[in-house]
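None of these values were measured; they are calculated from a predicted model. All heavy atoms count here, side chains included; hydrogens, waters and symmetry mates do not. Here is how names work: the chains are called A, B, and so on, in the same order as the sequence lines, proteins then strands, and each is numbered from 1.
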2 protein chains.
Amino acid sequence: MATIVDVAAAAGVSTSTVSYVLSGKRTISPATRSRVHRAIAELGYRPHAGARALASNRTDVIGLVAPLREDVDVNVIMQFVRSVTTTARGHDLDVLLLTKEEDAGLRRVSAGSLVDGLLVMDIEADDPRVEVLTGLDRPTVLIGVPRDPRGLSCVDFDFVGAARTVVTHLSALGHRRIAFLASPPRALDRHAGYAERVRDGFLDAARAAGVEAVHQPCEPGPAGVRRALDAVRAGLPGVGALVVHNEAALPALLALLAEEGLSVPGDVSIVTIAASAGDELPRPLTSLTVPVPEIGRTAVEMLVARIGGERTAETRLLGARLEDRGSTAAPRG
Amino acid sequence: MATIVDVAAAAGVSTSTVSYVLSGKRTISPATRSRVHRAIAELGYRPHAGARALASNRTDVIGLVAPLREDVDVNVIMQFVRSVTTTARGHDLDVLLLTKEEDAGLRRVSAGSLVDGLLVMDIEADDPRVEVLTGLDRPTVLIGVPRDPRGLSCVDFDFVGAARTVVTHLSALGHRRIAFLASPPRALDRHAGYAERVRDGFLDAARAAGVEAVHQPCEPGPAGVRRALDAVRAGLPGVGALVVHNEAALPALLALLAEEGLSVPGDVSIVTIAASAGDELPRPLTSLTVPVPEIGRTAVEMLVARIGGERTAETRLLGARLEDRGSTAAPRG
DNA sequence: ATGAAAGCGCTAACAA
DNA sequence: TTGTTAGCGCTTTCAT
């Protein structure tokens, strides 16, 4: 492996000149610069990441904390990961992946100077990691919003706004009984932030609009959907509108409705809040699309800003417009 | 941040003693060891990863190259990632995630001494990355087997053996016409290793068993499954056995058969080759389960061995037993 | 516009 | 069993 000394020798300059050519922190004459670049190319030189980190206190690596939970849609996780890694590379950052041993892992990579900052996914309302993170000296951005961010920056989808948009849309069509098919029970049990916020947003919006509402967690798969639908109908007889915030349950739901001879939107109106665009769903559905890639990109950019010295914490909520694909209509009768 | 010097001072020993306490490469008296440990705990000391990498030529980080392709089942990718990160942490390794800019990325992390070794997923028959990887000085393990591994170690599922097992099972039941519902066309177009090997294994086994066989790529989703089934029946009228190597297509396939009034295994026998155990599928199916977690674990362990100095390249193929869940029977008539 | 040289924090000879 | 110290390869003051 060629070192900066080899490059300097080959180019007939000092090592500091090579360093400055690479960092651009000093003005270098064009002649020198090109000689250095030629030497770098000829020797196939790459700076040693560890040496650079030691001398500069920067690793150019960010940590992505992605708990691979069973109750979170893997497609969504993958979309986040893809968006984060792509954006990070655009800022010349690499990504270290942490999936388990939450607290210890955070402390280890942070105190060990393995990463310049942390991106933490899937934040719960009272996420214990928030406490740990505030004790670390690394910039952190949360994907998700805890009850108390404690000075950490957050990015997320505006679930409350989304719920309001959906309820407004359905109530404007004349619906007075609206059910919400939510995430799996486990997600709610562990107080996943998104699950709670969209639930509260939905119930609040329904109250404000003066419509009857039921919020029902739902396992994906035919059996789970069947149970959830039964529960919904028990609580809200004659319900004519379904808000579905559970992409994995959609195929079974549509199959079940078809089986019952119910038409959409003739008998039942459906709006989804999902990460896939409405036209990539089992059938086109009126929907709000969670802009997962944008959230990932924004998170990286906020983290980059904080690594760069930006001090002020910020919570950013990204919204979505309702896209009408004809799966909602005025209620029967 | 406390450094090794602070710890040494607090414990009243030299820095090398602290270093040796941590690495265990020297015998330390119990008394000294405990004083050092106490100092470490009191100061909250963590070795600086960069400094350690610079001095020892080891980063304790491995690179995981995981192209997030559309035609690969995200669940499988997640299972791999989970297994790899978990196993890696068990060996005190962290995982750097690479998802794009294949060749440049490989060179960058390798020449830049960002990682001690590389794990590369989703290898194609003539994967261009193999050439790049052989030119790197880092130990590498491929998850998947290229036509010519060029001295790199490989781990994978024994797709050929699996195909043979399945064909033998069906032919023993009396089936003489067997169709294979394969990965999406895109996977075959890009010569994904697993897709080609299971195809060839299937066709060879069928020839050896003297049964008629058709291999049919298949898009997931109702429309894709419909087309694939039509093609199969056109090529093999009266086909009574289906080997399905496409987990995403299973729900639609089962729905379609039900719609046609065909019973399993009465009218059609089905065997799947899938990453989910047969009893986690839409309905219990006779199956061969691809041991994804074991493959990931083995890959990490082989990489650890090579990082540790093991020289000999090795290709390991993990097999699976056929689990009978009653979805196969002798053909009608 | 460029160079010289002092660290950054750790590991591993070499010594005792 | 423990200590001393020379690097590892880079960045960045301080000089010129």
Side-chain angles (χ1 to χ4, degrees), chain A residues 1-37 39-40 43-61 92 108-116 137, chain B residues 1-37 39-40 43-61 92 108-116 137 307 309:
Chain A
M1 287 287 84
T3 74
I4 198 172
V5 175
D6 303 323
V7 174
V13 300
S14 71
T15 61
S16 60
T17 296
V18 176
S19 177
Y20 284 120
V21 165
L22 254 20
S23 70
K25 291 185 180 174
R26 209 186 226 187
T27 46
I28 305 281
S29 74
T32 305
R33 195 207 321 284
S34 73
R35 267 157 54 222
V36 170
H37 276 135
I40 288 176
L43 297 172
Y45 166 74
R46 308 269 181 171
H48 185 290
R52 173 172 277 183
L54 181 56
S56 68
N57 254 318
R58 272 173 125 288
T59 65
D60 291 329
V61 175
D92 269 311
R108 183 169 46 80
V109 301
S110 160
S113 294
L114 261 168
V115 301
D116 293 335
D137 56 337
Chain B
M1 288 285 84
T3 73
I4 199 172
V5 175
D6 302 324
V7 175
V13 299
S14 72
T15 60
S16 62
T17 296
V18 176
S19 176
Y20 284 119
V21 165
L22 253 21
S23 70
K25 291 184 180 175
R26 212 186 222 186
T27 46
I28 305 279
S29 74
T32 306
R33 195 207 323 285
S34 74
R35 267 157 53 223
V36 170
H37 276 136
I40 288 175
L43 297 172
Y45 166 73
R46 308 270 179 170
H48 186 288
R52 173 173 274 183
L54 181 56
S56 68
N57 253 317
R58 274 173 122 288
T59 65
D60 291 331
V61 174
D92 270 311
R108 184 169 46 80
V109 300
S110 161
S113 294
L114 260 167
V115 301
D116 292 337
D137 57 336
I307 290 172

Does A:T17 put a side-chain nitrogen or oxygen below 4.0 Å from OP1 or OP2 of C:dT2? no
Could you tell me whether B:V13 contacts a base, only the sugar-phosphate backbone, or nothing, with contacts defined as non-hydrogen atoms closer than 4.0 Å? sugar-phosphate
Just checking B:S113: base, sugar-phosphate only, or nothing, at a heavy-atom cut-off of under 4.0 Å? nothing
Tell me the interatomic distance from A:R33, atom CZ, to C:dT2, atom P, rounded to whole angstroms. 9 Å
Taking only residues two or more places apart in sequence or in another chain, which ones pass side-chain hydrogen bond (donor to acceptor under 3.5 Å, both in side chains) with A:T15? none
Take the protein atom CD1 of A:I28 and the nucleotide atom C1' of C:dG3, then report the distance between them rounded to whole Å. 11 Å
Just the table, please: protein N/O against nucleotides 8-10 of chain C N/O, every pair under 3.5 Å.
from   : atom 1 : to    : atom 2 : distance (Å)
C:dC8  : O2     : A:A55 : N      : 3.4
C:dG9  : N2     : B:A51 : O      : 3.3
C:dC10 : OP1    : B:Y45 : OH     : 2.5
C:dC10 : OP1    : B:H48 : N      : 3.2
C:dC10 : OP2    : B:I4  : N      : 2.3

Could you tell me the separation between the CG atom of B:D116 and the CD1 atom of B:I307, rounded to the nearest 0.5 Å? 5.0 Å
Minimal non-hydrogen separation, A:R108 against B:R46, with atom names: CA-NH1, 4.0 Å
Given axes from five pairs at either end, by how many degrees does the helix from C:dA1-D:dT16 to C:dA16-D:dT1 bend, rounded to 10°? 30°
Would you say that A:T59 contacts A:L114 through its side chain, given a criterion of any heavy-atom pair below 4.5 Å between the two side chains? no
Report which part of the nucleic acid B:G112 touches: base, sugar-phosphate, or nothing (heavy-atom distance under 4.0 Å, all strands). nothing
Look for any protein N or O under 3.5 Å of an N or O in nucleotides 13-16 of chain D and output each such pair with its distance, or none.
from   : atom 1 : to    : atom 2 : distance (Å)
D:dC14 : N4     : A:R26 : NH2    : 3.3

Quiz: residues 21-29 of chain B side-chain donor-acceptor pairs under 3.5 angstrom, not counting sequence neighbours:
from  : atom 1 : to    : atom 2 : distance (Å)
B:S23 : OG     : B:S19 : O      : 3.4
B:S23 : OG     : B:K25 : N      : 3.2
B:S29 : OG     : B:T32 : N      : 3.3
B:S29 : OG     : B:T32 : OG1    : 2.7

Using side chain to side chain contact (heavy atoms under 4.5 Å, CB included) as the criterion, list what pairs up with B:D137, not counting sequence neighbours. A:M1, B:S110
Let me check something: any side-chain donor-acceptor pairs from residues 48-56 of chain B under 3.5 Å, sequence neighbours excluded? List them with distances.
from  : atom 1 : to    : atom 2 : distance (Å)
B:H48 : ND1    : B:G50 : N      : 3.0
B:H48 : ND1    : B:A51 : N      : 3.0
B:S56 : OG     : B:R52 : O      : 2.6
B:S56 : OG     : B:R58 : N      : 3.3

If I take atom NZ in residue B:K25 and atom P in nucleotide D:dT1, what distance separates them, rounded to the nearest angstrom? 18 Å
So, for B:D6 and B:T3, which heavy atoms are closest and what is the spacing to 0.1 Å? OD2-N, 2.8 Å
Strictly below 4.0 Å: does A:T32 bring a side-chain N or O up to OP1 or OP2 of C:dT2? yes
